Visitor: 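Could you have a look at this structure, given as structure tokens, before my questions?
Predicted model only: the values in this text are computed from it and were never measured.
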Amino acid sequence: MKKLVILYFVLISLFLIYLYSAYTRGAADPMESAVGLRGESDEKYVMVNYLAGNEYWKNTLKGFEDAAEALGVTVEYRGATQYDEHEEVTVLEQVIAKKPAGIAVSAINSEALINVIDKAVSSGIPVVLFDSNVPNSKAYSFLSTDNYNAGVVAAHKMDELIGESGTVAILTQQNQLNQQQRVTGFTETLKDQHPHLKVVEIVEDKGDQVVSENRTEELLLRYPDLKGIFVTEAVGGIGVGNALINNNRSDIQVISFDTNKGTLDLIKKGVISATMAQGTWNMGYWALMQLFHLNNSLVEPVGDWQQAQVPPLPTYVDTGISVVTKSNVEHFYAK
């Protein structure tokens with residue numbers, strides 16, 4: 001019995017020592033230290049992108065919202081109503097005027113948004129970029145697919161699908177950096193590793209379904225023996241699919257990008273052979289986590305960190321790529 005009392009005494013003493021230690025480390029209530037990161041409900045972060053309403057952004061916004069719920073902060077979603085760089089600049093100016101706790105931006109153009117992003121950072125508003133970068137701006141970080149590698153993966157998949165020599169066309173938005181990188185990865189890989197596949201033309205589709213459909217109709221006339229089409233964004237992929245359906249062409253392998261419902265439905269029908277799925281939820285979730293750490297001084301920023309080359313955050317986060325085909329398409333529909 002005496003030994004049992006001594007054991008209880010030792011255990012209680014150890015627990016009291018733990019509580020005192022936690023208290024002296026600064027926690028008013030030591031149990032609160034286990035709660036984790038929490039912000040304030042009036043701490044508002046804003047996501048800004050181009051072409052608001054595009055289905056592609058839904059999963060990214062869901063990640064942003066999930067991070068906000070975990071942190072106890074609020075978020076707002078803003079975007080340009082048209083594919084227009086001037087409108088996105090205007091939207092950003094409006095957001096900056098409200099002095100949010102941080103802004104996550106996907107840029108329509110890698111040059112057009114530099115000044116307005118630098119204006120936000122200079123006024124003390126943290127900015128991170130996702131999906132489409134502005135490399136020469138003062139934004140702290142960029143979260144995205146490795147777009148060059150995505151083009152490499154698409155090239156290997158195109159070779160696997162065609163399985164012989166032939167011609168391939170590309171539809172893209174030529175002024176958008178992330179899509180330029182996808183095209184470069186695709187064309188360089190075909191040239192170096194699959195030279196039996198020749199890229200005959202790179203076509204501007206403006207991210208517009210109707211334009212993409214019309215450009216595809218023209219390609220079918222110019223290249224009747226075309227074997228494959230690589231489309232570097234989702235809306236254009238649906239336009240390509242519609243053109244092939246309208247012309248009863250089931251002999252062309254199409255690789256698209258992203259996982260909107262229209263693209264996934266065309267994969268199930270066998271019109272689109274594959275699509276490249278980005279880690280969009282990760283972009284939104286970790287963008288807000290980074291902004292929260294910057295706004296609450298949970299990292300150690302260095303004045304003019306770019307000049308000093310001492311970044312407070314990872315300057316680039318690769319959010320990954322997956323190949324979606326008929327065999328796994330069901331896993332990519334929104335739940």
Side-chain angles (χ1 to χ4, degrees), residues 26 35-50 52 57 60-80 84-144 177-178 282-317 319:
V35 172
L37 297 173
R38 297 294 293 176
E40 303 294 334
S41 59
D42 61 352
E43 191 174 329
K44 179 180 285 188
Y45 297 84
V46 183
M47 173 179 282
V48 176
N49 60 41
Y50 55 90
W57 302 119
T60 312
L61 180 59
K62 179 69 166 53
F64 205 63
E65 292 172 337
D66 286 349
E69 183 177 353
L71 296 170
V73 300
T74 58
V75 294
E76 181 180 337
Y77 171 57
R78 297 288 304 276
D84 184 307
E85 61 192 43
H86 302 294
E87 185 180 355
E88 188 174 14
V89 169
T90 300
V91 170
L92 266 172
E93 293 277 10
Q94 293 169 346
V95 170
I96 292 168
K98 293 182 179 180
K99 301 185 184 307
I103 309 173
V105 182
S106 183
I108 187 174
N109 184 299
S110 58
E111 297 294 328
L113 271 67
I114 291 177
N115 290 339
V116 69
I117 287 172
D118 288 356
K119 177 181 176 181
V121 175
S122 297
S123 64
I125 302 171
V127 175
V128 299
L129 287 146
F130 66 96
D131 189 63
S132 184
N133 199 10
V134 182
N136 297 319
S137 73
K138 293 182 178 179
Y140 287 89
S141 184
F142 175 50
L143 304 94
S144 170
L177 182 60
N178 55 352
N282 277 322
M283 293 181 199
Y285 187 87
W286 295 109
L288 183 49
M289 285 293 175
Q290 289 192 341
L291 290 172
F292 181 87
H293 278 69
L294 288 166
N295 184 57
N296 290 281
S297 301
L298 298 175
V299 292
E300 298 181 3
V302 172
D304 199 3
W305 63 267
Q306 288 167 316
Q307 181 69 26
Q309 298 184 343
V310 186
L313 293 173
T315 54
Y316 173 65
V317 178
T319 50

Visitor: Can you name the nearest heavy-atom pair linking P126 to N295, along with the distance?
Guide: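 The answer is CG-N, 4.2 Å.
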Visitor: Mind running side-chain contact (heavy atoms from CB on, under 4.5 Å) on E76 and R78 for me, showing each step along the way?
Guide: CA-CA 7 Å; E76 181 180 337; R78 297 288 304 276; 3.4 Å; yes
Visitor: Would you mind reporting whether P312 and W305 have side-chain heavy atoms less than 4.5 Å apart?
Guide: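 Yes, side chains in contact.
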Visitor: Closest heavy-atom contact between S132 and A107?
Guide: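 Closest heavy-atom pair between S132 and A107: OG-O, 2.8 Å.
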Visitor: Taking all non-hydrogen atoms of both residues, which atom of M283 and which atom of L143 are closest, and how far apart?
Guide: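 So the minimum-distance heavy-atom pair works out to CG-O, 4.0 Å.
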Visitor: For D66, does the CG atom have more than 12 heavy-atom neighbours from other residues, nucleotides or ligands under 6.0 Å away?
Guide: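 Yes.
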Visitor: So, do V48 and E88 sit near enough that their side-chain heavy atoms are less than 4.5 Å apart?
Guide: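 Answer yes - side chains close enough.
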Visitor: Quick one: do N133 and N178 satisfy side-chain contact (heavy atoms from CB on, under 4.5 Å)? Show the steps, please.
Guide: CA-CA 7 Å; N133 199 10; N178 55 352; over 6 Å; no
Visitor: Can you confirm whether or not the ring centre of W57 sits under 6.0 Å from the ring centre of Y50?
Guide: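 Between Y50 and W57, which both carry aromatic rings, the centre distance is below 6.0 Å.
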Visitor: What are the two closest heavy atoms between F130 and N49, and how far apart are they?
Guide: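 Heavy-atom minimum between the residues: CZ-CB, 4.4 Å.
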Visitor: Do the side chains of V75 and E65 get nearer than 4.5 Å, heavy atoms only?
Guide: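 Counting from C-beta outward, E65 and V75 do come under 4.5 Å.
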Visitor: Could you go step by step and tell me if E111 and N136 meet the side-chain contact (heavy atoms from CB on, under 4.5 Å) rule?
Guide: CA-CA 8 Å; E111 297 294 328; N136 297 319; 4.3 Å; yes
Visitor: Rounded to the nearest 0.5 Å, what's the gap from CE on M289 to CG on L298? Could you check?
Guide: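 Going from CE on M289 over to CG on L298, the span is 11.0 Å.
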Visitor: Answer whether the closest heavy-atom distance between the side chains of I103 and M47 falls below 4.5 Å.
Guide: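 The answer is no, as the side chains (C-beta and beyond) never meet within the 4.5 Å cut-off.
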Visitor: Going from OG on S123 to CG on D118, what distance comes out if it is rounded to the nearest 0.5 angstrom?
Guide: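 Output value for this atom pair is 10.5 Å.
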Visitor: With sequence neighbours excluded, tell me which residues meet side chain to side chain contact (heavy atoms under 4.5 Å, CB included) with T90.
Guide: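 Partners of T90 by the side chain to side chain contact (heavy atoms under 4.5 Å, CB included) criterion, ordered by chain and then number, come out as Q94.
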Visitor: Where do E43 and N296 land on the side-chain contact (heavy atoms from CB on, under 4.5 Å) test, with the steps shown first?
Guide: CA-CA 10 Å; E43 191 174 329; N296 290 281; 2.9 Å; yes
Visitor: L177 versus P135: any side-chain heavy-atom pair under 4.5 Å?
Guide: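 When only atoms from C-beta onward are counted, P135 and L177 do touch, with a gap below 4.5 Å.
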Visitor: Any side-chain heavy atom of S144 within less than 4.5 Å of one from Y316?
Guide: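 Yes, their side chains come closer than 4.5 Å.
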Visitor: V134 and N109: which non-hydrogen atoms are nearest, and at how many Å?
Guide: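 Minimum heavy-atom separation between V134 and N109: CG2-O, 4.2 Å.
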Visitor: Can you see which heavy atom on V127 is nearest to which on V105, and at what distance?
Guide: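 In this case the closest contact between V127 and V105 is CG1-CG2, 4.1 Å.
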Visitor: Check whether any side-chain heavy atom of V116 lies under 4.5 Å from a side-chain heavy atom of I96, and answer yes or no.
Guide: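 Sidechains of I96 and V116: in contact.
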Visitor: Could you tell me if the side chain of V121 sits less than 4.5 Å from the side chain of Y140, heavy atoms only?
Guide: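 Counting from C-beta outward, Y140 and V121 do come under 4.5 Å.
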